[in-house]
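Residue numbers start at 1 and run along the sequence shown. The analysis underlying the following values was restricted to heavy atoms, covering all of them including side chains, and did not include hydrogens, waters or symmetry mates. Everything quoted here is computed from the prediction, not taken from an experiment.
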Amino acid sequence: FAPPTEHVLEKHEVAPSKRNINLKDAYEHLLSFFRPVTCRHKDKQTLIPCHVGEGLNATECLENKCCPSTTSHELKCYKPFKDNVQLAFRLLMLVAGAFLVLGCLPFYCCTCLQRSQCANPLRRANKEVEQIVQRKRAHSKDIYSLSLD
């Protein structure tokens with residue numbers, strides 16, 4: 001039971017949904033999938049400072065999508081680098097998944113069409129065979145009823 005100070009929804013009220021995702025957020029997630037970044041730098045790469053402010057700690061630096069640097073006495077933020085290895089792996093998995101789906105699609109369609117009576121004429125009942133079966137059933141019912149008497 002809710003305490004009397006909290007608001008309780010009535011039957012005609014609808015609870016507000018918190019899953020409102022706007023188009024910009026979805027676009028950013030899609031873009032981040034195809035543009036992966038990393039904070040690991042190699043010796044030859046130059047660090048480009050991230051212009052979010054001076055004297056940020058590691059948490060604030062990461063919240064602003066920057067990488068913290070601990071190489072100097074002061075903690076500075078730098079822009080992350082493109083991760084080409086991660087991009088290649090993601091694209092490879094995406095293409096492999098697409099080929100898997102496209103490879104299984106004909107088998108799925110064939111099994112659905114084989115089970116369908118309109119697409120597969122062998123699944124339809126033959127009228128002549130059906131009449132013969134009905135006559136035999138009627139004949140067997142007559143014999144069965146005579147044997148019970």
| How many angstroms lie between atom CD of E130 and atom CD1 of I132, to the nearest 0.5 angstrom? | 11.0 Å

| message | Heavy-atom count check: over 12 atoms from other residues, nucleotides or ligands less than 6.0 Å from E128 CD? | response | no

| Is there a donor-acceptor pair closer than 3.5 Å between any side-chain N or O of Y108 and the backbone N or O of V101? | no

| message | Tell me whether the count of non-hydrogen atoms from other residues, nucleotides or ligands lying under 6.0 Å of CD1 in I48 goes above 12. | response | no

| field | Gap between atom NZ of K79 and atom SG of C66 - 0.5 Å precision | value | 8.0 Å

| query | From C110 SG over to L105 CG, what is the distance, rounded to the nearest 0.5 angstrom? | reply | 9.5 Å

| Checking disulfide bond (SG atoms under 2.5 Å apart) for the pair C61/C77: CA distance, chi angles, key distance, verdict? | CA-CA 6 Å; C61 191; C77 293; 2.1 Å; yes

| query | In the single-linkage hydrophobic clustering (I, L, V, M, F, W, Y; side-chain heavy atoms under 4.5 Å), do L30 and L94 co-cluster? | reply | yes

| If every non-hydrogen atom of P80 is compared with every non-hydrogen atom of V37, which pair is closest and at what distance? | CB-CB, 3.8 Å

| field | Gap separating the CG atom of L91 from the CD atom of Q86, nearest 0.5 angstrom | value | 10.0 Å

| said: Test side-chain contact (heavy atoms from CB on, under 4.5 Å) on F89 and D83; report intermediate values, then the result. | reply: CA-CA 10 Å; F89 179 73; D83 194 356; over 6 Å; no

| How close do S32 and R90 get, heavy atom to heavy atom, and via which atoms? | O-NH1, 3.3 Å

| request: Provide the closest heavy-atom pair for P106 versus L102 in the form atom of the first, atom of the second, distance. | output: CD-O, 3.1 Å

| Are F33 and L87 connected in the hydrophobic side-chain network, where two residues link if heavy atoms are under 4.5 Å apart? | yes

| task | Grab the two heavy atoms, one from Y78 and one from P68, that are nearest each other, plus how far apart they are. | result | CE2-O, 3.7 Å

